[in-house]
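Numbers here are sequence positions counted from 1. Scope of the values below: all heavy atoms of this structure, side chains included, with no hydrogens, waters or symmetry mates.
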Amino acid sequence: MGVSPADRRIERRALLLDAAFDLLGTDGSAATTVRAVCTRARLNPRYFYESFADLDELIVAVYDRLVDELTRTVVRTIDDAPADHRSQTRAAIERIVVFVDEDRRRGRVLYSEALDNEALNRRRVETGHTLADSVALDAAERYGRPPEGEQIGRVGAAVLVGGFSELLIGWLGGRIEITRDQLVDDATALFLALGETAAAIAARRAHPPGRTPSAGDEEPAS
């Protein structure tokens, strides 16, 4: 049997995504035009618009595909790691670092090219907020939920997510000259330290000196 029209359209969309990823990851957003993408994909430009409304939609789709791929591999890595918090944190960080180091185009699309494309930057910011929410929720489950209105956990999560992105940009760009293993070790230590510090700050605020804890107060989990 021949290939159906729907399957051909899926194949063409994948070719466009692959071409845009290669252009973004090597030559940057300025070189990633509709014409250049179609040329690299070896497709007539009319096929571009059967899958994407415009170039920004394609570029965001490239980013989303990378995020989905990274998320799946990180989740699998955490599932396979020992159950303790340090091992799982290190496994997740190492998987992210390896992901962007094995193919430097990935790191450029995920962290650098967003600075030159407004649509991509909006998506990066949205993704960062979602990830920070996830980190804050994990910390609350691990250390105990903070009092109502306490935001130190969310502040810490934002620092971790944003800081890790900047760390990877600096390392991939050669401005932070350490080995991959040292990067993973240092990032792991800082992640754990900041999480513990944020939990301790929340606990002090919930139980300031001179205040007797009430029956409803919760201490952070050990």
Side-chain angles (χ1 to χ4, degrees), residues 60 63-64 66-79 81 83-97 99-100 106-107 109-115 117-172 176 183-211 213-222:
V60 169
Y63 177 87
D64 287 345
L66 268 181
V67 169
D68 288 343
E69 182 182 351
L70 177 57
T71 300
R72 288 195 300 270
T73 188
V74 168
V75 169
R76 287 196 300 268
T77 298
I78 293 173
D79 288 342
D84 63 282
H85 184 37
R86 186 190 185 285
S87 295
Q88 292 190 340
T89 299
R90 191 185 193 285
I93 290 172
E94 183 175 34
R95 185 62 253 171
I96 295 170
V97 172
F99 184 82
V100 298
R106 294 168 175 167
V109 173
L110 287 172
Y111 301 112
S112 301
E113 286 307 309
L115 303 177
N117 182 278
E118 183 178 350
L120 185 56
N121 189 51
R122 285 197 302 269
R123 179 69 88 202
R124 183 191 64 81
V125 170
E126 292 168 2
T127 302
H129 287 323
T130 300
L131 182 55
D133 288 341
S134 178
V135 170
L137 179 60
D138 178 75
E141 292 174 349
R142 188 169 303 279
Y143 298 110
R145 294 191 176 278
E148 184 70 26
E150 176 57 69
Q151 294 295 311
I152 188 64
R154 187 61 176 76
V155 171
V159 170
L160 286 174
V161 172
F164 189 49
S165 295
E166 291 301 317
L167 172 62
L168 289 175
I169 291 172
W171 183 70
L172 291 170
I176 300 176
L183 176 71
V184 173
D185 286 342
D186 289 352
T188 299
L190 291 169
F191 262 67
L192 295 172
L194 184 52
E196 293 166 0
T197 300
I201 292 172
R204 287 199 301 270
R205 289 175 176 175
H207 309 301
R211 176 178 176 269
S214 64
D217 289 336
E218 296 182 0
E219 294 288 348
S222 60

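Residues Gly153 and Ala136 come closest through the heavy atom pair O-CB, 4.1 Å. Nearest heavy-atom pair across Ile152 and Arg205 is CB-NH1, 3.9 Å. Across Ala202 and Glu150, no two heavy atoms sit closer than the pair CB-CG, 4.1 Å. Taking every heavy atom of both residues into account, Thr77 and Ala91 meet most closely at CG2-O, 3.5 Å. Closest approach of Ala132 to Ala157, counting heavy atoms only: O-CB, 3.3 Å. Taking both residues in full, the closest heavy atoms of Val109 and Tyr63 are given as O-CD1, 3.9 Å, listed atom of the first, atom of the second, then distance.
Counting heavy atoms from C-beta on, the side chains of His85 and Tyr143 come closer than 4.5 Å. With a 4.5 Å cut-off on side-chain heavy atoms, Asn121 and Arg124 count as touching. Residues Val60 and Asn117 form no side-chain contact, since every pair of their non-hydrogen atoms from C-beta on lies 4.5 Å or further apart. Side chains of Arg154 and Asp133 form a contact here, defined as non-hydrogen atoms less than 4.5 Å apart. Residues Leu167 and Asp186 are not in side-chain contact: their nearest non-hydrogen atoms beyond the backbone lie 4.5 Å or more apart.
When the options Ile169, Val97, Val159 are evaluated for a side chain to side chain contact (heavy atoms under 4.5 Å, CB included) with Phe164, the one that passes is Val97.
Although no hydrogens or angles enter the test, the distance criterion places no donor-acceptor pair under 3.5 Å between the side chain of Glu196 and the main chain of Ala198. The backbone N or O of Glu69 sits nowhere less than 3.5 Å from a side-chain atom of Thr73 that would complete a donor-acceptor pair.
A distance of 4.5 Å separates CG in Leu192 from OG1 in Thr89, rounded to the nearest 0.5 Å. In this structure, Thr127 OG1 and Asp64 CG are separated by 6.5 Å, a value rounded to the nearest 0.5 Å. The line from CZ of Arg106 to CZ of Phe99 is 4.0 Å long, rounded to the nearest 0.5 Å. Note that CG of Leu190 is 10.0 Å distant from OG1 of Thr197, once rounded to the nearest 0.5 Å. Note that the CG atom of Leu168 and the CD atom of Glu166 stand 9.5 Å from one another [nearest 0.5 Å]. Considering CG of Leu131 and OG of Ser165, their distance stands at 8.0 Å, rounded to 0.5 Å.
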Trace of the salt bridge (charged side-chain N to carboxylate O under 4.0 Å, His left out) decision for Glu126 with Arg122: CA-CA 6 Å; Glu126 292 168 2; Arg122 285 197 302 269; 5.7 Å; no
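A donor-acceptor contact closer than 3.5 angstrom is absent between the side chains of Thr188 and Asp185.
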